[in-house]
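Step one of this worksheet: look at the structure below.
Whatever order the structure lists them in is the order used to number ligands and atoms, beginning at 1.
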Amino acid sequence: MTFPDDFMWGASTAAFQIEGAAYEDGKGPSVWDVFCERGDRVFEGHTGNIACDHYHRWQEDVNLMKEIGLQSYRFSVSWPRVMPDGKGAVNQAGLDFYDRLLDGLCDAGVKPLCTLFHWDYPQALFQQGGWLNDESSNWFADYAALLAEKFGDRVHAWMTFNEPQLFIGSGHKAGAFAPGLRLSMRELLVTAHNVLLSHGKAVQAIRSRCSDTQIGWAPVFHAIQPESESAEDIQKARDFTFSTWRDDLGDNSWWCDPVYHGHYPEDGLKRWENILPPIKDGDMEIIHQPLDFFAFNQYASALYADSAHGEPTDRGVRGVGRPRTAFGWDITPQAFYHSLKWISDYCDLPILVTENGCSNVDWVSLDGAVHDPQRIDLLHRYLQATHEAISEGVPVIGYCQWSLFDNFEWLAGYSQRFGLIHVDYETQKRTLKDSALWYKNVIATNGGELIP
Ligand code: NOJ
C-alpha cells in the first residue's frame, strides 16, 4: 500500500495551543487569553500563558520534526503577536519569531503550511465589534497582506481560516469558546458573512503578493456516516451532510458553497430568509476566489438516522461499549472515506487533510517511553481509508496529523493529549511517543508498511 510519490506527510499545531509567551515581547492579548483569565471556563483554570513554550523552544521542536521525518508542518500565526491591536502598528519581535521558525523549517527541509487564523482573535478588535464590525474583513485583509509580504517567500501553502464553524458557532452562539458570546441567529449570520469576506480578501491579498503559492482554507468537514453501506443509505447521508440544518452555522455548505461555488446554499437561504445580512453586489465574487486545494479537518462523525417523522437526523445510536477515544469521540474511518469521496465530487480540487487524530491517555511509562497503541491503530485506520479513496481516484495530496505535540486543548486545557510527542508541562521535556516512531516509519516507507 503506497501513496502517491509526492504525497505530503505532515502534522499540525496552532499558535495559541503551543506557543505560550502570551504576554511577552509586545504581543497583544487575544480573546482566548482573556477568556482563560476568567478562570472558570477552562478545565482547572488552565491558560495558554506557557503552553508548550514553543515560542522559546521552536528550534528543539523543529529538530524533532526532522527526527520524525515530517515533510510538512502546519502551524498558525498569532495575529496579536504580530499586530498587538489587530491593526495598525506591527510588532517586530513577533514577526522575528515567525521569521526564525520559517527559516528553521526550510533548513530542516519541512514545508511550512501556514494558517492565518486559528481562533486567537485580537482582543482590541473584539472590543471594536469583532466579526460583527463591517470593517472586520478589511482588518483581516491587512493582516494577510503583512504576512504575505514578510513570509510569502517561504510559506509553501496558506490557509486563511481554521474551522470557521467552530469559532463562530461555539464562540459566538453557544458561548462555550472565546469570546463567549451568545448572539442571535441574525447577528451570527453577519459574523459568518464577514468571515467569508475576510477569507476572500485575504486570498486576494496573498495572491497579489506571492506569485508562486498555494492557497486554501481549513473548515471542519462534519460528515454524517451512512447507516449502512447500501447505495441508498450512502446517498441519504451524503445529502444530509451537504444540507443546512444546524442552529449554530456548524454546517458544511453554508461555508463551503460560497467559497467553492460562489453562492449560499438554497436551503439555508430559505431557512434564514427573514434575517439574512445585506449581501452587497460583488460580495459573492470576493468570497469565491480561485483556490488551489480543498483542505479539511475531521475527527469523529455522527451517525445518520431517520427521525420518527422521516426527517434526517444525526442521532444514530451506535453499539454499547464501542471503542472511543479519551475524549469519548467515536472512531469513524468509514465516514472519513466517504467524506473524501463526497468532497471530490463536490469540488474539482486536490484534497489536503489538515487535521485528523485523537486524544489518548498517554503517560511516560516506567521504561521511559510513551506507549500509545490506540493512537497508532486509529491513525492506521484513517490512513487505510485515505488510501482506499486514493485508489478510487480521489486526489488526496497530503495528510496532517493533529497534533505534533500534546497541547492546550481549548476548554479541556491540558487534560486531553492529542500529540505524537508527549509534553511534560512541569519540565517541558518532550518525548516521542510510540506513535511518532510508527509515523516516522510510515513516512519513510510512504505508507508501504501499512496493512491494506
Ligand atoms: C480542531 C481544532 O482545529 C484544533 O484546534 C483542536 O485542538 C482539535 N480540533 C481537537 O479538538
Neighbouring protein residues of ligand 1 - any heavy atom closer than 4.0 Å: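 Residue list for ligand 1: Q17, H118, W119, N162, E163, N297, Y299, W329, E355, W402, E409, W410, F418.
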Results of side chain to side chain contact (heavy atoms under 4.5 Å, CB included) for H371 - residues two or more places apart only: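 With neighbours one apart ignored, the set is S365, D367, A369, P373, D434.
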Side chain to side chain contact (heavy atoms under 4.5 Å, CB included) partners of C400, counting only residues at least two apart: S12, S72, R74, L113
E67 backbone acceptor or donor facing K440 side chain under 3.5 Å: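 Looks like yes, one N/O pair under 3.5 Å.
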Note, R207 side chain near Q289 side chain (heavy atom, < 4.5 Å): no
By side-chain hydrogen bond (donor to acceptor under 3.5 Å, both in side chains) - contacts of W342 (at least two apart): none
Geometric cation-pi criterion R41 and F177, 6.0 Å radius, 45° cone: no
